[in-house]
Asks: 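Mind looking over this structure? Questions follow.
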2 protein chains.
Amino acid sequence: MTDDLLTVGQVADHLGVTVRTLHHYDEIGLVVPSARSRAGYRLYTEADLLRLQHVVVYRRLGLPLEEIGTILADGADSDTVVEHLRRQREAVTHRVAELTELVTAIDRALEAEMNDYAISREEQRELFGDGFDDGYAAEAEERWGDTDAWAQSQQRAKSYRKEQWQQIKEEGDAVNARFVELMDAGVDAGSEQAMDAAEAARQQICTWFYDCPRPMHAAIAEMYVTDPRFTKTYEDVAPGLAQYVRDAVVANAGRG
Amino acid sequence: MTDDLLTVGQVADHLGVTVRTLHHYDEIGLVVPSARSRAGYRLYTEADLLRLQHVVVYRRLGLPLEEIGTILADGADSDTVVEHLRRQREAVTHRVAELTELVTAIDRALEAEMNDYAISREEQRELFGDGFDDGYAAEAEERWGDTDAWAQSQQRAKSYRKEQWQQIKEEGDAVNARFVELMDAGVDAGSEQAMDAAEAARQQICTWFYDCPRPMHAAIAEMYVTDPRFTKTYEDVAPGLAQYVRDAVVANAGRG
DNA sequence: GCTTGACCCTCACGGGACGTGAGGCACCAG
DNA sequence: CTGGTGCCTCACGTCCCGTGAGGGTCAAGC
């Protein structure tokens, strides 16, 4: 039970790495199996697996193998295991925060494109450039290209041509016109009708762009009044529209 | 204004890539600057920058350059720009979901370590193994190792030794004892006192492990009753404790 | 006992995405 | 006209494996 030694293939299956990877880790001394069979087969113990698991997680974060080695070299007792987990947690959440930032950057770019607002280089830089102050830290690993979700999104995007784009713009204009109409009529931004218009706007985003739940929609609407660029595109349609739309969207997000 | 051509260095600064990278993209024909100066300097137009920006975002997601090339090759009008942004958004959120999963896996492992519960290989596999069904998709890019945040967390983790670990366990036992005491006394899990105990437990996590806001704590507490392993570790202390702690934590999360 | 797979071994070369000089023009400031 | 900085083109180095080539090993079945 405790002397349950595994061969490369089994270990590879368990932890989702390739045999070659295990060979490599052995070669460079990162994870050296504690035993070998008479025939020279690598045999991994429980402890080896634990170490390997840490390596795999660190690797997923993109740390170079050498650094992983030095990290793991600082002892291997029970308490340092917790240390590793703590660090790993921190590193992963940090990465998540970065990517989330990237998503909002993309959202802004989408908004800009939707409103036919060509953003300048300076703004691009602000959005994408070195938004990730320290490491713009590209994440690599090739196999990502043929992921299921990726293939899906690629396929879905295929059915999306010029006349449809035209339609999107028309729908958008219609929604905006509706907002202007309501605003000019003095209808409150928190009213049923305004909320309906907001809901229509949201539906449009869901249909054409991406799944956008109400809270997310509200967050985006905040940009209408906080980001001068978007404020401008709405104010150009009608003065006061940015605030009005924002309020309506927020109100709409508030109802069940 | 429109014929505002930039050299490699300027472009590199703007988009946060290296000059060498731009050379490489030129070499393989991925992003070829539209012009050259008499002296042979690469000169990038606005359109070049737009293309490059998409490349950079895709690259951050870890797509291989070749694939990026074919993606960008399907036309380059205004509407396909939106398509790219849509895809990029989807891809990034997908990645965020993956990493978030990884975080909860780490949380579980941390919980297990905290309770001195050594998880089996089978469970490790479940947690870390191929949780990412298709591509375990390691994210690479070396430079990550010497990120500020990383160095920080590494340094912070240094001050964390064996006697402290002992202290952590004692504190944990104390909190659990408090829970048992309350439960045995028939005090309601939603009571002030039980919530105080829950808050103490949360503070302990914050202090020793990671920043854990109340809602997150509640999510973790759910595991006490849904994950048999954790249920067991609490039930072993006292029958009914898992449910009691879970309820107290949830109640505590509910108060301001 | 012999064959057939599935699995393991050790070289060893390849490849993607750049890093890192080396050697040499280009351009502007003083 | 002399630095200093920025750009150019080779061209080799690196990291993390992928991908054979050539060959042993092991349990199972005939």
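All of these numbers come straight from a predicted model, not from anything done at the bench. Every chain is numbered from 1, with letters handed out A, B, ... down the list of sequences.
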Asks: OP1 or OP2 of dA17(C) sitting under 4.0 Å from any side-chain N/O of Tyr25(B)?
Replies: no
Asks: For His24(A) and dC11(C), what is the distance between atoms NE2 and C1' respectively, to the nearest whole Å?
Replies: 15 Å
Asks: Starting from C1' on dG16(C), measure out to CD on Glu67(B) and report it in whole angstrom.
Replies: 14 Å
Asks: Rounded to the Å, how far apart are Leu22(B) CG and dT9(D) C1'?
Replies: 16 Å
Asks: I need the residues from residues 26-34 of chain B with at least one non-hydrogen atom less than 4.0 Å from DNA chain D; give them sorted by number, or say none.
Replies: none
Asks: Using the rule given for side chain to side chain contact (heavy atoms under 4.5 Å, CB included), can you reason through Ile68(A) versus Arg59(A), listing the C-alpha separation, both sets of side-chain angles and the distance that settles it, and then say yes or no?
Replies: CA-CA 8 Å; Ile68(A) 295 176; Arg59(A) 199 74 260 290; 4.2 Å; yes
Asks: Hey, is the side chain of Thr21(A) poking within less than 4.0 Å of OP1 or OP2 on dC16(D), counting only N and O atoms?
Replies: no
Asks: Rounding to an integer number of Å, can you tell me how far Leu5(B) CG sits from dC7(D) C1'?
Replies: 16 Å
Asks: So do Leu30(B) and Glu66(B) actually touch side chain to side chain, heavy atoms under 4.5 Å?
Replies: no
Asks: Is any side-chain heavy atom of Val19(B) less than 4.5 Å from a side-chain heavy atom of Thr21(B)?
Replies: no
Asks: Whole angstrom is fine here: how far is it from CD in Gln10(B) over to P in dT5(D)?
Replies: 17 Å
Asks: Given dC7(D), is OP1 or OP2 found less than 4.0 Å from the side-chain N or O atoms of Ser37(B)?
Replies: no
Asks: Rounded to the nearest 0.5 Å, what separation is found between the OH atom of Tyr25(B) and the CG atom of Leu52(B)?
Replies: 7.5 Å
Asks: When rounded to the nearest 0.5 angstrom, what is the spacing between CZ in Arg20(A) and NE2 in His24(A)?
Replies: 7.0 Å
Asks: Going from CZ on Arg36(A) to CG on Leu43(A), what distance comes out if it is rounded to the nearest 0.5 angstrom?
Replies: 8.5 Å
Asks: How about Val31(B) and Tyr44(B): do any of their side-chain heavy atoms sit closer than 4.5 Å?
Replies: yes
Asks: By nearest heavy atom, map Arg36(B) and Glu66(A) onto DNA chain D; which one lands nearer the 5' end?
Replies: Arg36(B)
Asks: Would you work out how much the helix from dG1(C)-dC30(D) to dG30(C)-dC1(D) bends between its ends, with each end axis defined by five base pairs, to 10 degrees?
Replies: 0°
Asks: Could you tell me whether the side chain of Glu46(A) reaches within less than 4.5 Å of the side chain of Leu50(A), counting heavy atoms only?
Replies: no
Asks: How close or far is atom P of dC8(C) from atom CG of Leu6(A), stated in whole angstroms?
Replies: 11 Å
Asks: Quick one: list whatever passes side chain to side chain donor-acceptor pair (under 3.5 Å) with Gln10(A), sequence neighbours left out.
Replies: Thr7(A)
Asks: Could you tell me the separation between the CZ atom of Arg42(A) and the C1' atom of dG24(D), rounded to a whole number of Å?
Replies: 14 Å
Asks: Identify the two heavy atoms, one from Leu22(B) and one from Val8(B), that lie closest to each other, and give their separation to 0.1 Å.
Replies: CD1-O, 3.4 Å
Asks: If each of His23(A) and Arg20(A) is mapped to the nucleotide of DNA chain C with the nearest heavy atom, which maps nearer the 5' terminus, i.e. the 5' end?
Replies: His23(A)
Asks: Can you list everything that forms a side chain to side chain donor-acceptor pair (under 3.5 Å) with Ser37(B)? Sequence neighbours excluded, please.
Replies: none
Asks: For nucleotides 21-26 of chain C, list the nitrogen or oxygen atoms of the protein found under 3.5 Å from its nitrogen or oxygen atoms, one pair per line.
Replies:
residue, atom, partner, partner atom, Å
dA26(C), O4', Tyr41(B), OH, 3.4

Asks: Taking the side chain of Val8(B) as heavy atoms from C-beta outward, which of dC7(D), dC18(C), dC17(D) is closest to it?
Replies: dC7(D)
Asks: Restricting to side-chain contact (heavy atoms from CB on, under 4.5 Å), what partner residues turn up for Thr45(B), sequence neighbours left out?
Replies: Leu5(B), Ser34(B), Ala47(B), Asp48(B)
Asks: Which nucleotide sits closest to the side chain of Arg59(A): dA17(C), dC8(D), dC17(D)?
Replies: dC17(D)
Asks: Would you kindly give the OH-to-P distance between Tyr58(B) and dA17(C), to the nearest whole Å?
Replies: 16 Å
